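Just the heavy atoms: all of them, side chains too, but no hydrogens, waters or symmetry mates, feed the values below. All figures in this text were calculated on a predicted structure; none of them were measured in a lab. Chain letters run A, B, ... following the sequence lines, proteins first, then strands; residues in each count from 1.
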Protein chains: 2
Amino acid sequence: MTLSEEDYIKAIYHLGKGENTTVSTNAVAEQMDTKPSSVTDMVKKLSEKGVANYKPYKGVSLTEYGQKIALSLVRKHRLWEVFLVEKLDFSWDEVHEVAEQLEHIKSEKLVDQLDKHLGFPQVDPHGDPIPSKKGEFKKAIKKLLNEVPIGKSGICVGVKDSSPPFLKFLDKNKIALGDTILVLDKEEFDGSIDIQIKERTIHISSQIATNLYLKITE
Amino acid sequence: MTLSEEDYIKAIYHLGKGENTTVSTNAVAEQMDTKPSSVTDMVKKLSEKGVANYKPYKGVSLTEYGQKIALSLVRKHRLWEVFLVEKLDFSWDEVHEVAEQLEHIKSEKLVDQLDKHLGFPQVDPHGDPIPSKKGEFKKAIKKLLNEVPIGKSGICVGVKDSSPPFLKFLDKNKIALGDTILVLDKEEFDGSIDIQIKERTIHISSQIATNLYLKITE
DNA sequence: ACAAATATTTAGCTTTGTCTAAAATTATTT
DNA sequence: AAATAATTTTAGACAAAGCTAAATATTTGT
Ligand SMILES: [Mn+2]
Ligand SMILES: [Mn+2]
Ligand SMILES: [Mn+2]
Ligand SMILES: [Mn+2]
């Protein structure tokens, strides 16, 4: 697969949320920051290669084979992200762009050894699970912060939005993966909430609460 | 620079042996495993970009800017080779192919941090020097084994040919960088020599002797 | 010095991946 | 059930990087 084909496969995979959903040409175009006509051309090619199922005007999905490729790419992307943070002192908002390049390096041994070097990590710096070599991974039971009822608490295990602005916001407000968060109060009107985190009590907007994953503890 | 442009720049650099020599279209074509006509097209483009000086029928050389790029690529290539050997347990005959890909990853921070992570190595697994961030490196005073006079000895510090077959040959014969080699005898007729290495006395062909670098000790 | 051999460039074609503009299909309103 | 709007595809073009075959320049041998 070429670099470009691989990025399309990943886009289709992510838009389908990991399940094997059919996604629209326009959606892929938006995700990839290209034009719908370019997507049409590419998905035709992917279809011919046995990577995708494409029905004109109906959308595109990945074949079994395509999903395997997607999972391998996701695995590589996330392992590199762990490497950058753990070994090269990158912060979690800097890794995506570089991993986007590194994920395309072709060498099975490289990935296997990297995995070993990192101690077979289960999640990437954003809390996203790392597929095994065979493409398996258990998706964690986690809840968005805005769905956690008042009085319940949990451990922060992931972010839904992993864009640099959001990640930097969390850094600035000293919210990190692993922290325990208790929901104190919720404001119906704007969806904002009060939380307790590490002795501090802070008020958090709906935009933040809908992008933080917790693993409920009690 | 695109991946392809970068590979051409590296090829021109290596053919010019690091000095800023003018090299021929055919030489570049052979090195890159492409056709001379493709090289002509590319060097024209590199010339327009200010990376190379190209005179039709006369050959091509790198500009100052082009040399900077070349040195940065060599730096990245060799740092990645060190990483693969030191951290991921690759053997020295497996690293080149992967480094050939990794050298094109764009991220200044990545290179700086990798350098630090590796403890600022001075040479790659084949004994080749790693340019500093500014593009400087001292070239070691080393001699090819076939040029070492009888009775002199030295430490094995590098290989001229770093192709897998040659490197595997060295592994098989337990000759590694760092080993001390004493020249016992030379055969004028075929250039073969007798050496002593780690208590062993072995006979070595001219092809091997002309591809092993020693740093003379006495 | 000239012919032959070699090296290099040019011209024209191919593939990949992209784009714009126009045409076709599907979805949504009234 | 049309009419309108939105989505998607097609047609045609372009840039990058490569190739083959033909033309041109340079080098070499006599
Ligand atoms: Mn990518
Ligand atoms: Mn991630
Ligand atoms: Mn390369
Ligand atoms: Mn090397």
Side-chain angles (χ1 to χ4, degrees), chain A residues 1-16 21-62 65-66 69-70 73 97 100-101 103-106, chain B residues 1-16 21-62 65-66 69-70 73 97 100-101 103-106:
Chain A
M1 296 295 146
T2 67
L3 189 148
S4 214
E5 288 170 346
E6 289 186 344
D7 279 339
Y8 273 97
I9 291 169
K10 260 201 349 171
I12 296 167
Y13 175 84
H14 281 130
L15 286 168
T21 322
T22 293
V23 299
S24 78
T25 306
N26 261 19
V28 176
E30 189 158 332
Q31 168 95 2
M32 304 263 315
D33 205 29
T34 56
K35 301 294 167 184
S37 53
S38 306
V39 176
T40 303
D41 286 348
M42 182 55 95
V43 297
K44 274 183 192 165
K45 188 168 40 138
L46 292 179
S47 216
E48 267 161 32
K49 282 201 169 190
V51 167
N53 302 305
Y54 167 62
K55 284 270 172 54
Y57 294 104
K58 294 304 174 190
V60 63
S61 63
L62 294 176
Y65 175 43
I69 296 171
L73 288 165
E97 187 191 332
E100 200 58 48
Q101 300 175 59
E103 70 192 358
H104 302 287
I105 302 291
K106 265 108 190 143
Chain B
M1 296 296 145
T2 67
L3 188 148
S4 214
E5 289 168 346
E6 290 187 341
D7 279 339
Y8 275 97
I9 291 170
K10 260 199 351 170
I12 296 169
Y13 174 85
H14 281 129
L15 287 169
T21 322
T22 293
V23 299
S24 77
T25 306
N26 260 20
V28 176
E30 190 159 331
Q31 168 94 5
M32 303 263 316
D33 206 28
T34 55
K35 301 294 165 182
S37 54
S38 306
V39 176
T40 303
D41 286 348
M42 183 55 95
V43 297
K44 275 183 191 165
K45 189 170 35 142
L46 292 179
S47 215
E48 268 163 30
K49 283 201 169 189
V51 167
N53 301 305
Y54 166 60
K55 284 269 172 56
Y57 293 105
K58 295 304 175 189
V60 64
S61 62
L62 294 176
Y65 175 43
I69 297 171
L73 288 165
E97 187 192 333
E100 201 58 47
Q101 300 176 60
E103 68 191 359
H104 302 288
I105 303 292
K106 265 106 189 147

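For the atom pair OG of B:Ser47 and CE of B:Met42, the computed distance is 12.5 Å after rounding to the nearest 0.5 Å. In this structure, A:Ile69 CD1 and A:Tyr13 OH are separated by 13.5 Å, a value rounded to the nearest 0.5 Å.
Regarding B:Lys44, its NZ atom lies at a distance of 15 Å from the C1' atom of D:dG18, rounded to whole Å. Distance CE (B:Met42) to P (C:dT9): 15 Å, rounded to an integer number of Å. Spacing between atom CG of B:Asp41 and atom C1' of C:dC13 amounts to 13 Å, rounded to whole angstrom units.
Every residue meeting the side-chain contact (heavy atoms from CB on, under 4.5 Å) condition with B:Lys49, not counting sequence neighbours, appears here in chain and number order: B:Met1, B:Glu5, B:Val51. Under the rule for a side-chain contact (heavy atoms from CB on, under 4.5 Å), the partners of B:Lys44 that lie at least two apart in sequence or sit in another chain are B:Thr40, B:Tyr54. Under the side chain to side chain donor-acceptor pair (under 3.5 Å) criterion, A:Gln101 pairs with no residue, sequence neighbours left out. Residues satisfying the side chain to side chain donor-acceptor pair (under 3.5 Å) criterion with B:Lys106, sequence neighbours excluded, are B:Glu6. For B:Glu100, the side chain to side chain donor-acceptor pair (under 3.5 Å) partners are B:Lys10, B:His96, not counting sequence neighbours.
The residue from A:Val43, A:Leu15, A:Leu46, A:Asn53 that alone fulfils the side chain to side chain contact (heavy atoms under 4.5 Å, CB included) condition with A:Val60 is A:Val43.
Looking at every heavy atom in both residues, B:Ala70 comes nearest to B:Leu62 through CB-CD1, 4.0 Å.
For the pair B:Ser38 and D:dG18, the criterion of a side-chain N or O lying under 4.0 Å from OP1 or OP2 is not met.
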What side-chain donor-acceptor pairs closer than 3.5 Å can you find for residues 21-37 of chain B, not counting sequence neighbours?
residue	atom	partner	partner atom	Å
B:Thr21	OG1	B:Gly16	O	3.1
B:Ser24	OG	B:Ala27	N	3.0

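At least one side-chain heavy atom of B:Val39 sits less than 4.5 Å from a side-chain heavy atom of B:Tyr8. Side-chain atoms of A:Asp7 and A:Glu103, non-hydrogen and from C-beta on, do get closer than 4.5 Å to each other.
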task = Map every base of DNA chain D to its dot-bracket character, where paired means a Watson-Crick or G-U wobble contact with both distances under 3.5 Å and | marks a partner outside the strand.
result = ||||||||||||||||||||||||||||||
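If you check residues 24-37 of chain A against DNA chain C, the residues with a heavy atom closer than 4.0 Å are A:Thr34, A:Lys35, A:Ser37, listed by number. If you check residues 50-59 of chain B against DNA chain C, the residues with a heavy atom closer than 4.0 Å are B:Tyr54, B:Pro56, B:Tyr57, listed by number. Contacts between residues 1-11 of chain A and DNA chain D, defined by a heavy-atom separation under 4.0 Å, are absent.
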